[in-house]
Chemist: 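Before I ask anything, let me first share the structure, which is written out below as structure tokens.
Starting from 1, each residue takes its place in the sequence as its number.
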Amino acid sequence: MAGKKSGVNTRLVHGAGFDDPYRSANVPIYQTSTFYFDSAEHGARCFDGTDKGYIYTRIGNPTINALEQTVALLEGGFGATGTGSGMGAVTTIYMALLGQGMHMISSDAVYGPSRGVMEDHFSRFGVESTYIDTSDTEKILKAIKPNTKVLYVETPANPTMNISDLEACSKIAKDHNLYLVVDNTFCSPYLQNPIAYGADIVFHSMTKFINGHADIVGGMIVAKTEELHKRIRTMMVNMGCNLDPHQSYMVLRGLKTLGIRIDRAQKNAMKVAEYLEKHPKVEWVKYPGLKSHPQYELGKKQMRGPGTMISFGLKGGFKAGQILMDNVNLALLAVSLGGVESLIQHPASMTHSKISKEKKDLAGITDGLVRYSVGIEDVEDIINDLDFALSKV
Ligand code: LCS
């Protein structure tokens, strides 16, 4: 069992500990929807919380809880709540913190549906939102209104790789009585711990780095305080967007190697970014490990490494992006990110092909932007694959 003082890799491998009656080395999958009570009186104690016994899997389950406690330990929060997907985490947080007449400030370059669900659906219930470049603290200050309750930051942002200053955001949030919510998906707890910088809530799409093997979807919300943790947990239970035991087992297994996966993919990413930066057909590269990244120093301060996500722009724009996509052989042409396999995506011709230019501009998506999630393959093969595809552009 690992504790708060254990190193990050020890916490990843041993987790928060699990008391198994058969001394199983791994957390078993409690594949059950419900748990029986010894007596009516025992049932009553489980419901009023005087007995810690499990009741029903949507409310809690030993396999899910083992994962929740491990991620809470990794992020340094009071507690964590698993959700069926990253979007389940986003909507649970919005539901728990916002209501009629309240206002949220968010990064303009966020994962599209995190903004879409707010603008298309929460607006119907009277929740307002403003989207700005949260890497510019002056813009945050200007966007604050008397009814602002939440400052929502994705850093680095998907897909622009803009970095927001967590310490500055936290100070603004404290001064103006806002909750600071951070989407930490692009870093995982291995590279960044926003609670240490003052965030109130941190969440992940575990579909990405935390699981790391492109075989489940899941989300996790970590709250700094007991009060916030209870609010989030109650909302998740009532909305019914829980993780399931099998999914949780898969993530617990993937999580053990998070450190070595990221260390290796990150080394590859640095070499790929340097290669791209020198390529004549590439206009720009945004990678937190390159000195050319506009927030290079900030990234070094708040992230333990530059990560494995690279965005770059092709001089040939839309057509060049399409040709590149049609000529890569090793990297999978796929959405998602953060797995052991390299994935490539050209938003303008793929995910955002039906989205208006105005909306693409707002999200920072240009015609030539390509997003690359660098995997753990041999870096020579990754670069050769890109080199061949770029030669066709
Ligand atoms: N937050 C970020 C930063 C994401 O990149 C995603 C998914 C989510 C939240 C939502 O998580 P999910 O519900 O999918 O588990 N990002 C995706 C992407 O870039 N391509 O496909 C999914």
Chemist: Evaluate the side chain to side chain contact (heavy atoms under 4.5 Å, CB included) criterion for residues Phe209 and Cys187: first the C-alpha distance (whole Å), next the side-chain angles of each, then the deciding distance (0.1 Å), finally the verdict.
Modeler: CA-CA 8 Å; Phe209 293 97; Cys187 277; over 6 Å; no
Chemist: For the residue pair Pro21 and Tyr30, what are the closest heavy atoms and their distance?
Modeler: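 In this case the closest contact between Pro21 and Tyr30 is CD-OH, 4.5 Å.
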Chemist: Please tell me whether Ile376 and Met270 are part of a single hydrophobic cluster in this structure, the criterion being side-chain heavy atoms less than 4.5 Å apart.
Modeler: no
Chemist: What are the two closest non-hydrogen atoms of Phe37 and Ile55, and how far apart are they?
Modeler: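 In terms of heavy atoms, the two residues are closest at CZ-CG2, 4.0 Å.
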Chemist: Could you tell me whether a side-chain N or O of Thr148 sits under 3.5 Å from a main-chain N or O of His103, the two making a donor and an acceptor?
Modeler: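 Not a single qualifying donor-acceptor pair exists.
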Chemist: Is there a side-chain contact between Ser107 and Thr155, using heavy atoms and a 4.5 Å cut-off?
Modeler: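 They are not in side-chain contact.
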Chemist: Is the closest side-chain donor-acceptor distance between Glu154 and Ser114 under 3.5 Å?
Modeler: no
Chemist: Check whether any side-chain heavy atom of Tyr111 sits under 4.5 Å from a side-chain heavy atom of Phe186, and report yes or no.
Modeler: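 No, too far: nothing below the 4.5 Å cut-off.
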Chemist: Heavy-atom count around Lys281 NZ within 6.0 Å, excluding the residue itself: above 12?
Modeler: yes
Chemist: Fit a plane to each ring of Phe122 and Tyr94, take the angle between them on a 0 to 90° scale, and name the class: parallel (under 30°), tilted (30 to 60°) or perpendicular (over 60°).
Modeler: perpendicular
Chemist: Angle between ring planes, Phe203 versus Tyr152, binned at 30° and 60°: parallel, tilted or perpendicular?
Modeler: tilted
Chemist: Between Asn162 and Ala157, is there a donor-acceptor pair closer than 3.5 Å when you use the side chain of the first and the backbone of the second?
Modeler: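 No.
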Chemist: Using modelled atom types only, decide if a donor and an acceptor are shared between the side chain of Gln295 and the backbone of Ile163 within a distance under 3.5 Å.
Modeler: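 Checking the backbone N and O of Ile163 against the side chain of Gln295, a donor-acceptor pair under 3.5 Å is found.
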Chemist: Are Met206 and Met309 in one and the same hydrophobic cluster, where Ile, Leu, Val, Met, Phe, Trp and Tyr link if side-chain heavy atoms are under 4.5 Å apart?
Modeler: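 Yes.
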Chemist: Tell me which one of Val237, Leu243, Asp244 satisfies side chain to side chain contact (heavy atoms under 4.5 Å, CB included) with Arg58.
Modeler: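 Considering Val237, Leu243, Asp244, a side chain to side chain contact (heavy atoms under 4.5 Å, CB included) with Arg58 is found only for Val237.
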Chemist: Quick one: do the Asn158 and Arg371 side chains pair a donor with an acceptor below 3.5 Å?
Modeler: yes
Chemist: Using only atom types and a distance under 3.5 Å, with no angle test, would you say the side chain of Tyr190 pairs donor to acceptor with the backbone of Ile210?
Modeler: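 Checking the backbone N and O of Ile210 against the side chain of Tyr190, no donor-acceptor pair under 3.5 Å is found.
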Chemist: Report the residue from Val335, Leu332, Val328, Leu333 that forms a side chain to side chain contact (heavy atoms under 4.5 Å, CB included) with Leu343.
Modeler: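 With Leu343 as partner, Val335, Leu332, Val328, Leu333 yield a single side chain to side chain contact (heavy atoms under 4.5 Å, CB included), made by Leu332.
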Chemist: For a 4.5 angstrom cut-off between non-hydrogen side-chain atoms, does Val8 reach Leu74?
Modeler: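 When only atoms from C-beta onward are counted, Leu74 and Val8 do touch, with a gap below 4.5 Å.
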Chemist: Show the nearest heavy-atom pair for residues Gln192 and Gln302, with the distance to one decimal.
Modeler: CG-O, 3.8 Å
Chemist: Just wondering, are more than 12 heavy atoms of other shown residues or ligands nearer than 6.0 Å to CG in Asp48?
Modeler: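 Result for CG/Asp48: enclosed.
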Chemist: For residues Asn26 and Ser24, is any side-chain donor paired with an opposing acceptor at under 3.5 Å?
Modeler: no
Chemist: Decide if atom NZ of Lys174 counts as having more than 12 heavy atoms of other residues, nucleotides or ligands within a radius under 6.0 Å.
Modeler: yes
Chemist: At what distance, to the nearest 0.5 angstrom, does NE2 of His229 lie from CZ of Phe78?
Modeler: 6.0 Å
Chemist: Quick check: does any side chain N or O of Arg233 sit under 3.5 Å from a backbone N or O of Ile59, one acting as donor and the other as acceptor?
Modeler: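 Checking the backbone N and O of Ile59 against the side chain of Arg233, a donor-acceptor pair under 3.5 Å is found.
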Chemist: Quick check: do Leu67 and Met220 have side-chain heavy atoms less than 4.5 Å from each other?
Modeler: yes
Chemist: Check the pair Met104, Lys149 against side chain to side chain contact (heavy atoms under 4.5 Å, CB included), reporting the backbone distance first and the verdict last.
Modeler: CA-CA 6 Å; Met104 176 177 94; Lys149 290 280 178 276; over 6 Å; no
Chemist: Please check: side-chain N/O of Glu341 versus main-chain N/O of Ala214, any donor-acceptor pairing under 3.5 Å?
Modeler: no
Chemist: Could you check whether Asp175 pairs with Lys171 (Lys NZ or Arg NE/NH1/NH2 to Asp/Glu carboxylate O, under 4.0 Å)?
Modeler: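 Result for this pair is yes, salt bridge flagged.
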Chemist: Counting N and O atoms only, with roles assigned by atom type, does the side chain of Gln345 sit under 3.5 Å from a partner on the main chain of Ala334, one being a donor and the other an acceptor?
Modeler: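 No; zero donor-acceptor contacts below 3.5 Å.
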Chemist: Pro159 versus Ile365: any side-chain heavy-atom pair under 4.5 Å?
Modeler: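 Sidechains of Ile365 and Pro159: in contact.
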Chemist: Please determine whether a side-chain nitrogen of the Lys or Arg among Arg45 and Glu41 lies less than 4.0 Å from a carboxylate oxygen of the Asp or Glu.
Modeler: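 Yes, charged N to carboxylate O under 4.0 Å.
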Chemist: Should Thr83 and Thr91 be marked as a side chain to side chain contact (heavy atoms under 4.5 Å, CB included) after you check the CA-CA gap, both sets of side-chain angles, and the distance that decides it?
Modeler: CA-CA 10 Å; Thr83 53; Thr91 50; over 6 Å; no
Chemist: Taking atom NZ as the centre, does Lys267 end up with more than 12 heavy-atom neighbours from other residues, nucleotides or ligands that are less than 6.0 angstrom away?
Modeler: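 At most 12 heavy atoms, drawn from other residues, nucleotides or ligands, come within 6.0 Å of this atom.
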Chemist: How long is the gap from CD on Glu68 to CG on Leu73, to the nearest 0.5 Å?
Modeler: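 Nearest 0.5 Å value for the CD-CG distance: 13.5 Å.
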Chemist: Between the side chain of Lys224 and the main-chain N/O of Ile195, is any donor-acceptor distance below 3.5 Å?
Modeler: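 Not confirmed, Lys224 side chain does not pair with Ile195 backbone.
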Chemist: Hey, what do you get for CG (Asp200) to CG (Leu178), rounding to the nearest 0.5 Å?
Modeler: 9.0 Å
Chemist: When you check the gap from the basic side-chain N to the acidic O, do Lys278 and Glu274 get nearer than 4.0 Å?
Modeler: no
Chemist: Is the backbone of Val374 close enough, under 3.5 Å, to the side chain of Asn268 for a donor and an acceptor to pair up by distance?
Modeler: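 The answer is no, because no donor-acceptor pair under 3.5 Å joins these two groups.
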Chemist: Carefully, step by step, assess His213 and Val340 under the rule side chain to side chain contact (heavy atoms under 4.5 Å, CB included).
Modeler: CA-CA 6 Å; His213 294 76; Val340 289; 4.2 Å; yes
Chemist: Quick one: pull up OG1 in Thr366 and CZ in Phe318 and give me the separation to the nearest 0.5 Å.
Modeler: 12.0 Å
Chemist: Can you tell me which residue among Val285, Ile344, Ile310 is in a side chain to side chain contact (heavy atoms under 4.5 Å, CB included) with Val370?
Modeler: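 That would be Ile344.
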Chemist: Take Glu226 and Lys230, measure what salt bridge (Lys or Arg N to Asp or Glu O under 4.0 Å) needs, and give me the verdict at the end.
Modeler: CA-CA 6 Å; Glu226 182 172 8; Lys230 283 189 175 155; 3.2 Å; yes
Chemist: Side-chain heavy atoms under 4.5 angstrom apart, residues restricted to Ile, Leu, Val, Met, Phe, Trp, Tyr: same cluster for Phe312 and Met325?
Modeler: yes
Chemist: Are any of the side-chain heavy atoms of Met303 and Pro156 separated by less than 4.5 Å?
Modeler: yes
Chemist: Crowded around Lys300 NZ? As in, over 12 foreign heavy atoms under 6.0 Å?
Modeler: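 Not more than 12 within 6.0 Å, no.
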Chemist: Please tell me whether Lys359 and Ser356 have a donor and an acceptor in their side chains that are separated by less than 3.5 angstrom.
Modeler: no
Chemist: Are any of the side-chain heavy atoms of Val282 and Glu277 separated by less than 4.5 Å?
Modeler: no
Chemist: Are Ile201 and Ile232 close enough that some pair of their side-chain heavy atoms sits under 4.5 Å apart?
Modeler: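 In contact.
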Chemist: Do Arg231 side-chain atoms and Ala96 backbone N/O form a donor-acceptor pair below 3.5 Å?
Modeler: yes
Chemist: Quick check on Lys315: does its NZ atom have over 12 non-hydrogen neighbours (other residues, nucleotides or ligands) under 6.0 Å away?
Modeler: yes
Chemist: Taking all non-hydrogen atoms of both residues into account, name the closest pair between Gln247 and Gly218 and its distance.
Modeler: NE2-CA, 4.1 Å
Chemist: Which value, rounded to the nearest 0.5 Å, describes the distance between Leu252 atom CG and Phe18 atom CZ?
Modeler: 9.5 Å
Chemist: Please test Arg115 against Asp120 for salt bridge (Lys or Arg N to Asp or Glu O under 4.0 Å), starting from the C-alpha separation and ending with a verdict.
Modeler: CA-CA 8 Å; Arg115 177 172 181 166; Asp120 299 344; over 6 Å; no
Chemist: How long is the straight-line distance from OG of Ser164 back to CG of Leu151, given to the nearest 0.5 Å?
Modeler: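 Output value for this atom pair is 8.5 Å.
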